[in-house]
Participant: 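There's a structure below that I have some questions on.
Chain letters run A, B, ... following the sequence lines, proteins first and then strands; every chain starts at 1.
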Amino acid sequence: GAVVSQHPSWVICKSGTSVKIECRSLDFQATTMFWYRQFPKQSLMLMATSNEGSKATYEQGVEKDKFLINHASLTLSTLTVTSAHPEDSSFYICSAVGGRANTDTQYFGPGTRLTVL
Amino acid sequence: TQLLEQSPQFLSIQEGENLTVYCNSSSVFSSLQWYRQEPGEGPVLLVTVVTGGEVKKLKRLTFQFGDARKDSSLHITAAQPGDTGLYLCAGKNQAGTALIFGKGTTLSVSS
């Protein structure tokens with residue numbers, strides 16, 4: 001139990017286009033989902049906290065108009081990178097809080113590799 | 001701002017050696033988690049420690065939470081090539097559920 005999926009697992013796009021990444025909790029309801037960004041050989045950087053039915057809370061330095069987050073249901077959150085540029089290329093990882101074993105544990109998705117040409 | 005200092009950042013050892021990774025902070029955490037991440041995948045939770053002084057063992061891995069809940073360590077005995085990966089510590093602040101991650105330790109175990 002407590003499985004989180006992400007789609008797509010990797011995406012390559014042209015500069016200026018928008019890319020949507022989905023994060024789903026497959027077997028539990030997640031009231032909170034987190035979005036992280038990770039550069040090669042570096043740690044995870046929290047981008048935003050997403051609560052179902054409300055606006056996301058963005059970390060300092062993260063542009064909310066560029067990284068649009070929608071948490072429409074208890075099992076789905078989406079991150080849209082708008083007008084992507086090469087510097088947005090990164091590994092994007094989501095996590096969800098919930099699960100039967102521990103409602104406070106974060107379960108991570110497998111990540112989405114974004115490459116902007 | 002709560003920070004977690006993780007060391008060493010990189011570690012390259014031979015199979016059979018022991019190693020310890022440290023995670024330190026000047027702040028108190030309600031709990032601390034250790035993750036292992038392989039390239040191109042998301043982090044996988046290894047253990048959560050919540051009580052000061054707590055020691056947990058997972059096969060050859062031993063995790064310890066400091067008495068004051070400000071630091072933690074991960075000790076691996078007789079490392080194997082399969083232990084290769086990025087090890088991350090992450091603390092949960094007392095105010096909410098956001099995880100604060102250390103910078104990670106990249107471990108390479110060669111046979």
Participant: So if you build clusters from Ile, Leu, Val, Met, Phe, Trp, Tyr with side-chain heavy-atom gaps below 4.5 Å, do B:Leu46 and B:Phe29 land together?
Facilitator: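 Yes, because B:Leu46 and B:Phe29 connect within a single hydrophobic cluster, where side-chain heavy atoms sit under 4.5 Å apart.
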Participant: When hydrophobic residues are tied together by side-chain contacts of less than 4.5 Å, even through go-betweens, does A:Ile21 share a cluster with A:Trp10?
Facilitator: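 No, no single cluster joins them.
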Participant: Does A:Val62 share a hydrophobic cluster with A:Met33, counting links as ILVMFWY side-chain heavy atoms below 4.5 Å and allowing steps through other members?
Facilitator: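 Unlinked, A:Val62 and A:Met33 end up in two clusters.
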Participant: At under 4.5 Å between heavy atoms, what parts of residues 101-111 of chain B are in contact with chain A? List them by residue number.
Facilitator: B:Phe101, B:Gly102, B:Lys103, B:Gly104
Participant: Consider only side-chain heavy atoms of I, L, V, M, F, W and Y, link residues closer than 4.5 Å, and tell whether B:Leu61 and B:Leu19 are in one cluster.
Facilitator: yes
Participant: Please look at B:Gln6 and chain A and tell me whether the side chain, the backbone, both or neither of the residue comes under 4.5 angstrom of a heavy atom of that chain.
Facilitator: neither
Participant: Please check if atom OH in B:Tyr22 has more than 12 non-hydrogen atoms from other residues, nucleotides or ligands closer than 6.0 Å.
Facilitator: no
Participant: Is there any residue in residues 70-93 of chain A with a non-hydrogen atom under 4.5 Å from a non-hydrogen atom of chain B, and which ones are they?
Facilitator: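 When heavy atoms of chain B are the reference, residues 70-93 of chain A contributes A:Phe91, A:Ile93 within the under-4.5 Å range.
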Participant: Could you walk me through whether B:Leu88 and A:Leu44 pass the side-chain contact (heavy atoms from CB on, under 4.5 Å) test, one step at a time?
Facilitator: CA-CA 9 Å; B:Leu88 297 158; A:Leu44 281 69; 3.7 Å; yes
Participant: Strictly by disulfide bond (SG atoms under 2.5 Å apart), give each pair with a member in residues 14-62 of chain B just once, sequence neighbours left out.
Facilitator: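 Found B:Cys23-B:Cys89.
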Participant: Walk me through whether B:Gln33 and A:Gln106 qualify under side-chain hydrogen bond (donor to acceptor under 3.5 Å, both in side chains).
Facilitator: CA-CA 10 Å; B:Gln33 300 179 336; A:Gln106 281 192 36; over 6 Å; no
Participant: If you look only at distance, which donor and acceptor atoms sit under 3.5 Å apart when one is on a side chain in residues 109-117 of chain A and the other is two or more places apart or in another chain?
Facilitator:
residue: A:Thr112; atom: OG1; partner: A:Gln6; partner atom: NE2; Å: 3.1
residue: A:Thr112; atom: OG1; partner: A:Pro8; partner atom: O; Å: 2.6

Participant: Tell me whether A:Lys20 at atom NZ has more than 12 heavy atoms from other residues, nucleotides or ligands lying less than 6.0 Å away.
Facilitator: no
Participant: Taking a hydrophobic cluster as the set of Ile, Leu, Val, Met, Phe, Trp and Tyr residues connected by side-chain heavy atoms closer than 4.5 Å, whether directly or through intermediates, do A:Met45 and A:Met47 fall within one such cluster?
Facilitator: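 Different clusters: A:Met45 never reaches A:Met47 through Ile, Leu, Val, Met, Phe, Trp or Tyr contacts under 4.5 Å.
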Participant: For the OG atom of A:Ser43 and the OH atom of B:Tyr87, what is their distance to the nearest 0.5 Å?
Facilitator: 15.0 Å
Participant: Taking C-beta and beyond as the side chain, do A:Phe108 and B:Leu45 meet within less than 4.5 Å on heavy atoms?
Facilitator: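 SC-SC contact between A:Phe108 and B:Leu45 ruled out.
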Participant: Working to the nearest 0.5 Å, report the span between CD of A:Gln42 and CG of B:Leu86.
Facilitator: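 Those atoms lie 10.5 Å apart.
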